[in-house]
Amino acid sequence: MSTHETTPAGTPDPEWEAFLAGASVWDEKPAPNVVPAEEITLRPADADPMGSTPLTPEWVKSGAGWKGRGRVARVNSVHASRRWVRRQGGEHGHAAQVWRGLARTVRWVKGVEGADIDRAKHEARRAQEAYRAARRAHARKLIPGDKKNKLAKMMDESSKDSAAAMAALSKVRKATRARRAWRASAVAAPLVVAEAGSILTLGDVTNGSLVTGAATAFVLALIGRRTDAGETWQPDTVALGDGGKLTDETLNSAYRDAGVLKDDQVLKLLSPVALTRDSDAYEVVFDLPSGMPTDKALAAVKGLASAMGVSITQIHQGRGEREGRIHLRVNLRIPFTGKPTPGPLLTADRMDLFKPVPMGVSMRGHAVVTDWVERSGLFGGEPGAGKSAAVNNVLLAAALDPSVRLYLCDGKAGFDLVPFEGVAEMIDTAGDTEALLAILTHVWEVEVPARRAALREHGARKVSAELAARDGRLALAILFVDEWASYVAGADSKRREELNRLFQLIVSQGRALGVVSLAATQKPSSDSVPTSVRDLLSVRWAMRCMTPEASDTILGKGYATNGQNAQTILKTQRGVGILMSGESAEPELTRGHYYSDAEVEQIVARATELRTEAGTLPGAVAAEAGAPAPLRLLDHLIAAVESTGRGVATRAEVFAHLAGIDPQYARDEDESDGAYASRVGKLLAAWMESEGLEVATAKVPGPDGGRSMGYRAEDLSDTE
């Protein structure tokens, strides 16, 4: 009976660690970095037979060690004896196993020939009944002679069939007795040999019989160890976190303990439970029982961690390619607690933002890349979780693409964005609400219309790498707003609504136009990031959060209950978050590449050189002040009049021009002419009132020759 010596997971043993550090199977050398093979010699085998390798336990070398080991052995023996007693009362008890083994042995000796005998008996019985029926029919006296002859012939044939059937039955019985005798001999021969050997060895018939009986019981128990349902006895196993192994049985046991499986259910393993090549984790692919949804297993991560004796962060369950399929990885150590590896942008000459950007490393050690074309991103988590480091992966990659235009806003007025001042088109590092309004207005009223016009000229629906290479107006742009809540906290309701409106318009319509919008915040609630904006951000990266609700706010409702909970990320796992890299992508625990302040400056310096060579480096005035003043309503009216080429513009032409800038001025499909004119007229009047603008209107000629109310260039010039 085996016993286990267990130690609480993660408990250090200074003596054992010191022993391992000082033990070696090789001779001690003065510490060269590389020892030539010819200088390596083994210690003599008898130099220290009890302590020559680290595989020898430390307790063998001292009396106290032996005493402690004996105490552990006694405790384990008591536990093992209690398990044995409990076991005897069920179907896994040794008596039950011996009985099952005996029954299976008898069934094997009897074999399946009984079916042949039954079949032969049935045929013989039918033949005899046919013969008796023919004989009774022939025995009747009042039957014509020809019919009586025919019945006699039938009786003779039935007699022959009956005799043949009885001969076949006798043959089958004889063959069955021979086969059963052979199998019985195969079973009895080992018993006779064991009995004779025991008697000859021990010289006593009684002792020989006892030995033979014990051996027979052992063999029968071995044959009957599995129940009729195919289950075998599983003793208490050591938890994975305490040094145990993950096997098929312990895997099923863990999912039962976690409440995923019922007692009679098992997982259908599609791959063996095996260690990864680097021996850092166990991996397995399996299907849940039929009808069980994947979410049930994903939601049981806490129970699984408890059953296996590991941390929640050590377990990762990924959805398979079909419902009910799980890709399980159980790390033997808490992942992402060591030093991060150098990021790939340190050695990149330049980047192309139309191609996927390296964002970090997954738990499996694979590179995680994200395509940001037609994407937008939300980075959330508590302070110090690593949001700025995660966003830097995108910003630094964009900086190394000299064609990309950067619009950066830091609501917390920190120093994270200061290194980018020289390469950004517009930037605010002071948390100034007016600066944010200026940047958003410029993107919406300058960047977006220019991109729309360029797409119309090229006859294209959306921005592509080929179009951007031909037309600089269609180069990608990054709009990053850090801590939106800090910006809107000090703004009045009217200014807050305008900021929300502009940001929502840019996020919703900028994707197809090549404007990538990013937002970072500690908790992206409706108070910090508008819900209408948050729902449009496709790429989500949830760093460590204080509550499951905060995690769900970033990833989406229900992810925390399905095992994707950023609250479980440890504080020692800096820069680690749950990354959902697209609308249909499964969340994955990822460690973002980390770039120190010096490395960020080094990369930005290279980006400055690239932009200088390409002629895309922003001017000093734009870099410091943050850009041209936002366009006023009067500017839009002048642009509408100039676009007609007649020096005048009707109200309908002005409305059409404004609809290309703000969709709320567009006409709904089911809206009548009168309702549309009334609604848009009120919007225009409110805009004028907000800017204190008074513009004269007059009847002007329209494009069809008719006259209607509109605006004249000279009146607008006088107003200006």
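Note that the numbering runs from 1 along the sequence shown for the chain.
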Is any side-chain N of the basic residue among R511 and E374 closer than 4.0 Å to the acidic one's carboxylate O?
no
Is the number of heavy atoms from other residues, nucleotides or ligands within 6.0 Å of NZ (K296) greater than 12?
yes
Considering only heavy atoms from C-beta outward, does the side chain of V357 approach that of V369 to under 4.5 Å?
no
The salt bridge (Lys or Arg N to Asp or Glu O under 4.0 Å) partners of D295 (sequence neighbours excluded) come to R319
Rounded to the nearest 0.5 Å, what separates atom CZ in R179 from atom NZ in K174?
12.5 Å
Can you measure from NE2 (H327) to CG (L270) and round to the nearest 0.5 angstrom?
8.0 Å
So E91 and T227, side-chain hydrogen bond (donor to acceptor under 3.5 Å, both in side chains) or not? Walk me through it.
CA-CA 7 Å; E91 60 180 354; T227 64; 4.6 Å; no
Distance-minimising heavy-atom pair for M292 and V260:
CE-O, 3.1 Å
Point-to-point distance, once rounded to the nearest 0.5 Å, from CG of L332 to CG of L246
9.0 Å
More than 12 heavy atoms of other residues, nucleotides or ligands under 6.0 Å from CE of M154: yes or no?
no
Working for side-chain hydrogen bond (donor to acceptor under 3.5 Å, both in side chains), residues S253 and T250
CA-CA 5 Å; S253 177; T250 57; over 6 Å; no
Less than 4.0 angstrom from a charged side-chain N to a carboxylate O is my criterion; do D287 and R325 meet it?
yes
Taking L261's backbone N and O only, do any of them form a donor-acceptor pair with R256's side chain (distance below 3.5 Å, no angle check)?
no
Working to the nearest 0.5 angstrom, can you tell me the gap between R183 CZ and T105 OG1?
12.5 Å
Heavy-atom side-chain contact between F286 and V273 under 4.5 Å:
no
Any side-chain heavy-atom pair of W182 and R177 under 4.5 Å:
no
So, taking the atom named CD1 in I315 and the one named OH in Y282, what distance separates them when rounded to the nearest 0.5 Å?
13.5 Å
Tell me if the CH2 atom of W108 is crowded by more than 12 foreign heavy atoms within 6.0 Å.
yes
OH/Y559 to CG/L298 distance, rounded to the nearest 0.5 angstrom?
10.5 Å
